[in-house]
Protein chains: 2
Amino acid sequence: MDSHVTRRIITTLRDERPHLTEAAASILAASNAQRLVAAGAALADPVRVQLLAVLAAAGEVCSCDLEAPLERSQPTISHHTRILCDAGLIVGEKRGRWMWWRLNEPGWRELQQTLARLSGPPLHIER
Amino acid sequence: MDSHVTRRIITTLRDERPHLTEAAASILAASNAQRLVAAGAALADPVRVQLLAVLAAAGEVCSCDLEAPLERSQPTISHHTRILCDAGLIVGEKRGRWMWWRLNEPGWRELQQTLARLSGPPLHIER
DNA sequence: ACTTCATATTGATGAATGTCAATGTAGTAG
DNA sequence: CTACTACATTGACATTCATCAATATGAAGT
């Protein structure tokens, strides 16, 4: 018998406790978890983190100007910008032949909210 | 020195533009970037994110009670807890033969500060 | 039209990663 | 000491990923 399992628990689950899965879902819905994983994967590479730092510093940078600071080939830069874009962390705008990238503030806000909810002071960030 | 770069283009780089690298470093130091990459890698797996959600919901859970909700073998659970622990997102305490895991609040705080700095606080977190 | 430049895509390759069975280690109880 | 339990580690395998060369797309200028 598994007896002692959890210590601090949400009131609704205190007695039941069969599936921590449900309690976890109440904190992090599946769709949010999925986006968080994508954001994590985007942040899981030093080149991409450096890329974000460059954008944070310069505000807006085109792809070709990323090759030098990141010391990667053009296809590799394109690969990384795509991953960051898909994760919602940056957005690109094509002007002429240049692709201008910048941080996507809404994406960052959502990420930080998800992390706040997870790391969670058991508070009500609640709508 | 201009230091505070804040987000919009820095005057010193507008014309010069040789090294975005330095401007990026002023926003995200190498050691912080490294920790961010580790945290990102830790969050880049759905099983680990689920594990974090379980801990967030239950407060403290031992390894053996993670196998069922995560639907993974014991070695795999051990593998994931190790990665999350190395990333500073969880901490474990051995009591008896059980390993009790919980979220590591300082680690989360640091991560959120790094993200806030990267995402371009319209503010002055300024040091 | 043609040329040039910036970017995206494809294909290939070596490296990293998630998974589990098998085994090792340590703590508890008998 | 022996047996059992919780967890960690090792080894092997399949998958994913980062990288670049080569090629394709597209946009602007001549």
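Predicted model only: the values in this text are computed from it and were never measured.
Residue B:C64 places its side chain closer to D:dC7 than to any other of D:dC20, D:dC7, C:dA6. Side-chain proximity of A:W101 to the nucleotides C:dT19, C:dA8, D:dA6 is greatest for C:dA8. For B:R97, whose side chain is taken as the heavy atoms from C-beta onward, the closest listed nucleotide among D:dA27, C:dA8, C:dA29 is C:dA29. Comparing D:dC7, C:dT9, D:dT9 by their nearest atom to the side chain of B:R82 picks out D:dT9.
Nearest heavy atoms, B:D45 versus B:H80: OD1-CE1, 3.7 Å. Nearest heavy atom pair, residue B:V91 against residue B:L103, reads CG2-O, 4.3 Å. Heavy-atom minimum distance, A:A42 versus A:A87: CB-CB, 3.7 Å.
Taking atom CD1 of A:I83 as the reference point, atom P of D:dT19 lies 9 Å away to the nearest angstrom. Between the CD atom of A:E93 and the P atom of D:dA27 there is a distance of 14 Å, given to the nearest Å. In this structure, A:L84 places its CG atom 13 Å from C1' of D:dA18, rounding to the nearest Å. Residue A:W98 contributes atom CH2, which lies 14 Å from atom P of C:dA8 at whole-angstrom precision. Rounded to a whole Å, the CD atom of A:E67 is 9 Å from the C1' atom of C:dA6. We find that NE2 of A:H80 is positioned 11 Å from C1' of D:dC20, with the value rounded to whole Å. Across the protein-nucleic acid pair, A:H79 atom NE2 and D:dT23 atom P stand 21 Å apart, rounded to whole Å. Rounded to an integer number of Å, the gap from CH2 of B:W100 to C1' of D:dC7 is 14 Å.
For CD of B:E67, the number of neighbouring non-hydrogen atoms (other residues, nucleotides, ligands) closer than 6.0 Å is greater than 12.
No donor-acceptor pair under 3.5 Å is formed between the side chain of B:R35 and the backbone N or O of B:G107. With hydrogens and angles disregarded, a donor-acceptor distance shorter than 3.5 Å links the side chain of A:R48 to the backbone of A:A41. For the pair B:T114 (side chain) and B:E110 (backbone), a donor-acceptor distance under 3.5 Å is present.
As judged by a 4.0 angstrom heavy-atom cut-off over every strand, A:S63 is placed among residues touching the sugar-phosphate backbone only.
Checking the phosphate oxygens (OP1, OP2) of C:dG18, no side-chain nitrogen or oxygen of B:R72 falls inside 4.0 Å.
Listed by residue number, the members of residues 28-54 of chain B with any heavy atom below 4.0 angstrom from DNA chain C are B:D45, B:V47, B:R48.
Where B:I77 and A:Q74 each meet DNA chain D at their nearest nucleotide, the meeting point lying more 5' is that of B:I77. When the nearest nucleotides of DNA chain C are assigned to A:K94 and B:T76 by heavy-atom distance, the more 5′-ward of the two goes with A:K94.
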